[in-house]
Amino acid sequence: MTEASVVPERIDTPQEARAAISSRGAAVARGLHTEEDALAFAAEVLGDKCIRLGRQFEASMRNHQREAAVVDAQPVDERGRKRSFGKPGERMTAHNDGFAFGDYAPDHLFLWCKRPAESGGDSFLVDAWKLTELLAADPATADLAEFCRTVDIDHSEPNFAQSTYAPIVRVVPSGRVQARYHPYLAPVPGSTRPADADMLARWNDTVLHVRDTGPMFQAEAGEMICVDNYRLLHGRDGYTDPARELYSIWGWTTDAVAVPVQQLDIVEPDLAGLTG
């Protein structure tokens, strides 16, 4: 299953980035020495399709500590799920950014590295769409692929319920493929399908296996990881260097299922405010 891991090629132009994202789901852009450079490059990658683009958050140890403290104080939900931002020293769970927002998650993600960690903090990418194709090709796991493609599940985070349900894998109205994972996936509330929880546990184990056995790579200072956020999962290894600094930039294009009208808050998601 490690064939679903992606180590992106390094490129120099927005045109090269766009082509690499289309074919493999990701690219690493070089020579972006300021955040303004990174935003301008991302805008050119999205081109005329761009609807919304901007910095979402600073991925640093100091910012993580502030945000994690708020999340840690949030209660367990009625299904026994508890949000956590984890710890910088731990390997991050694989995920699509903005998963708390369901259909309003960005369809593109840009991770600009201002300063890498002296050690640790390497990135990983998993092509979740390809992973389900690999599952489907194996008779031992074809049932899991079928579940991912056909059964609606709850994609919400604890205490932040979404208004719609959908399969893990789908083709969105624009024709783009979307394949999702995060650690809070659950059966639809009131589901009469007892096997759904077991299938979700298998999907969880499969993604974790690919994360932990696949290759990683490091983004250097001035580089930006450009990602198809619908198709690829991402994350980073643990690190302890307090000077590591990376910025997450979210982009929505005309391919997106839905586009929010305001800046999103991943710490305390305002789902009611997505449409104004």
Side-chain angles (χ1 to χ4, degrees), residues 21 39 42-43 45-59 63 66-67 70-71 73-79 81-85 93 95-111 128-129 148-191 200 226-234 247-276:
I21 293 169
L39 285 164
V45 171
L46 302 186
D48 293 341
K49 286 188 169 185
C50 183
I51 297 176
R52 186 184 181 99
L53 177 72
R55 185 215 282 192
Q56 181 60 35
F57 61 88
E58 172 191 311
N63 197 54
R66 288 194 297 266
E67 294 182 340
V70 176
V71 171
Q74 294 170 351
V76 174
D77 75 359
E78 60 184 14
R79 307 177 76 173
R81 302 180 303 169
K82 175 73 178 76
R83 292 183 87 206
S84 172
F85 276 8
T93 186
H95 63 286
N96 319 85
D97 257 18
F99 59 81
F101 303 102
D103 288 347
Y104 289 85
D107 60 313
H108 286 80
L109 167 68
F110 302 90
L111 299 168
W129 175 263
C148 290
R149 292 167 174 171
T150 61
V151 177
D152 284 351
I153 65 162
D154 182 0
H155 291 267
S156 69
E157 281 198 275
N159 295 307
F160 297 98
Q162 296 174 14
S163 59
T164 61
Y165 307 112
I168 288 169
V169 175
R170 63 180 178 173
V171 177
V172 303
S174 66
R176 292 265 299 279
V177 297
Q178 186 177 38
R180 292 182 277 184
Y181 172 80
H182 63 75
Y184 311 112
L185 298 178
V188 169
S191 170
L200 286 170
C226 311
V227 182
D228 179 343
N229 190 53
Y230 275 4
R231 175 176 158 189
L232 265 60
L233 313 174
H234 72 281
Y247 292 88
S248 179
I249 297 167
W250 290 5
W252 289 262
T253 70
T254 53
D255 290 343
V257 178
V259 181
V261 298
Q262 62 185 21
Q263 176 79 11
L264 301 181
D265 182 353
I266 64 171
V267 180
E268 297 181 279
D270 177 14
L271 303 186
L274 288 171
T275 57

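What's counted below: heavy atoms across the whole structure, side chains too, no hydrogens, waters or symmetry copies.
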Take F85 and V70, measure what side-chain contact (heavy atoms from CB on, under 4.5 Å) needs, and give me the verdict at the end.
CA-CA 10 Å; F85 276 8; V70 176; over 6 Å; no
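- Distance alone, capped at 3.5 Å, places no donor-acceptor pair between the N229 side chain and the N96 backbone.
- In this structure a side-chain-to-backbone donor-acceptor pair under 3.5 Å is present from R81 to Y184.
- Note that CG of L185 is 9.0 Å distant from OG of S156, once rounded to the nearest 0.5 Å.
- Heavy-atom minimum distance, G98 versus P106: CA-CD, 4.2 Å.
- Across all non-hydrogen atoms, the minimal contact from D154 to P187 is CB-O, 3.7 Å.
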Take D228 and W129, measure what side-chain contact (heavy atoms from CB on, under 4.5 Å) needs, and give me the verdict at the end.
CA-CA 11 Å; D228 179 343; W129 175 263; over 6 Å; no
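- If you take CD on E78 and CG on N159, they are separated by 8.5 Å, rounding to the nearest 0.5 Å.
- When every heavy atom of P269 is checked against every heavy atom of R83, the shortest pair comes out as CD-NH1, 3.9 Å.
- Taking every heavy atom of both residues into account, W252 and Y104 meet most closely at NE1-O, 2.9 Å.
- The CG atom of L46 lies 7.5 Å from the CG atom of D107; values are rounded to the nearest 0.5 Å.
- Nearest heavy-atom pair across E268 and D265 is N-OD1, 3.3 Å.
- Taken from CG in L264 to CG in L274, the straight-line distance is 6.0 Å, to the nearest 0.5 Å.
- H155 places no side-chain N or O within donor-acceptor distance of the main-chain N or O of F99, the cut-off being under 3.5 Å.
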Run the side-chain contact (heavy atoms from CB on, under 4.5 Å) test on Q56 and D97 for me, step by step, so that the C-alpha distance in whole Å, both residues' side-chain angles and the decisive distance to 0.1 Å come before the verdict.
CA-CA 10 Å; Q56 181 60 35; D97 257 18; 6.0 Å; no
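- The shortest distance between side-chain heavy atoms of V172 and D255 does not fall below 4.5 Å.
- Ring geometry for H234 versus H95: interplanar angle of 30 to 60°, hence tilted.
- What you find for V259 and T253 is that their closest heavy atoms are CG2-O, 4.4 Å.
- Put simply, the side chain of Q162 never gets that close to the backbone of L271: no donor and acceptor are under 3.5 Å apart.
- Proximity of L200 to I168: side-chain heavy atoms (C-beta onward) are separated by under 4.5 Å at one or more points.
- Taken to the nearest 0.5 Å, the NE2 atom of H108 stands 8.0 Å off from the NZ atom of K49.
- In this structure, the side chains of S248 and L109 come closer than 4.5 Å at one or more pairs of heavy atoms.
- With rounding to the nearest 0.5 Å, the separation of CG in L233 from OH in Y181 is 9.0 Å.
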Applying side-chain contact (heavy atoms from CB on, under 4.5 Å), run through R52 and Q263 and close with a yes or a no.
CA-CA 10 Å; R52 186 184 181 99; Q263 176 79 11; 4.1 Å; yes
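- In terms of modelled atom types and a separation under 3.5 Å, the side chain of D77 and the main chain of K82 share no donor-acceptor contact.
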